[in-house]
**Student:** 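Would you mind keeping the following structure in view while I ask a few things?
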Amino acid sequence: MWTRHHKKRRLGRLVVPLLAVAFLSYFGYHSIHGGYGLEATKEFDRQIAERQARLDELTQTRKILEKEVELMSDGSLERDMLDEKARLALNMSRSDEIVIFHHPGELTENRLN
């Protein structure tokens, strides 16, 4: 009976390490530059901070508007508030009045305090 002897090839010993290096390179690259990698995480954190600042700004504006609505819809309607809103909506004033332009939220912020 004849037996075959195979020579051990050098290439055969390198297949598994080459595949391991290929997989590690692929996953290593995507862990940094991929859609959910380290660079994308920094972008997500920046967006979270930006949107949180916008949310805080909108929350403050909402509180101001809620306070104005409360003053206007309460059983005792304040004449000053009604007069202010009517003049602002109609863009009118008397000839003997001095008009000071302001940001819409500035005057009402003082009423919250």
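A quick note: this is a predicted structure, and the numbers were derived from the prediction, not measured.
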**Student:** Identify whether the distance between the nearest side-chain nitrogen and carboxylate oxygen of Glu43 and Arg46 falls below 4.0 Å.
**Tutor:** yes

**Student:** Quick one: CG on Leu24 to CG on Leu19, what's the gap to the nearest 0.5 Å?
**Tutor:** 11.0 Å

**Student:** So how far is it from Ile48 CD1 to Glu50 CD, rounded to the nearest 0.5 Å?
**Tutor:**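 If we round to the nearest 0.5 Å, Ile48:CD1 and Glu50:CD are 11.5 Å apart.
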
**Student:** Determine, step by step, whether Arg62 and Leu58 satisfy the side chain to side chain contact (heavy atoms under 4.5 Å, CB included) criterion, reporting the C-alpha distance in whole Å, the side-chain angles of both residues, the deciding distance to 0.1 Å, and the verdict.
**Tutor:** CA-CA 6 Å; Arg62 180 181 173 153; Leu58 291 173; over 6 Å; no

**Student:** Would you say Tyr26 and Phe23 are hydrophobically clustered, going by side-chain heavy atoms of ILVMFWY under 4.5 Å?
**Tutor:** yes

**Student:** Among Leu14, Val21, Val16, which residue satisfies the side-chain contact (heavy atoms from CB on, under 4.5 Å) criterion with Leu18?
**Tutor:**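 Among the candidates, only Leu14 passes.
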
**Student:** Under 4.0 Å between a side-chain nitrogen and a carboxylate oxygen: does that hold for Arg54 and Glu57?
**Tutor:**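 Result for this pair is yes, salt bridge flagged.
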
**Student:** Quick one: closest heavy-atom pair of Gly34 and Ala40, and the distance?
**Tutor:** O-CB, 3.7 Å

**Student:** Between Gln52 and Asp56, do the side chains contain an N or O donor and an N or O acceptor separated by less than 3.5 Å?
**Tutor:**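 Yes, side-chain donor-acceptor contact under 3.5 Å.
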
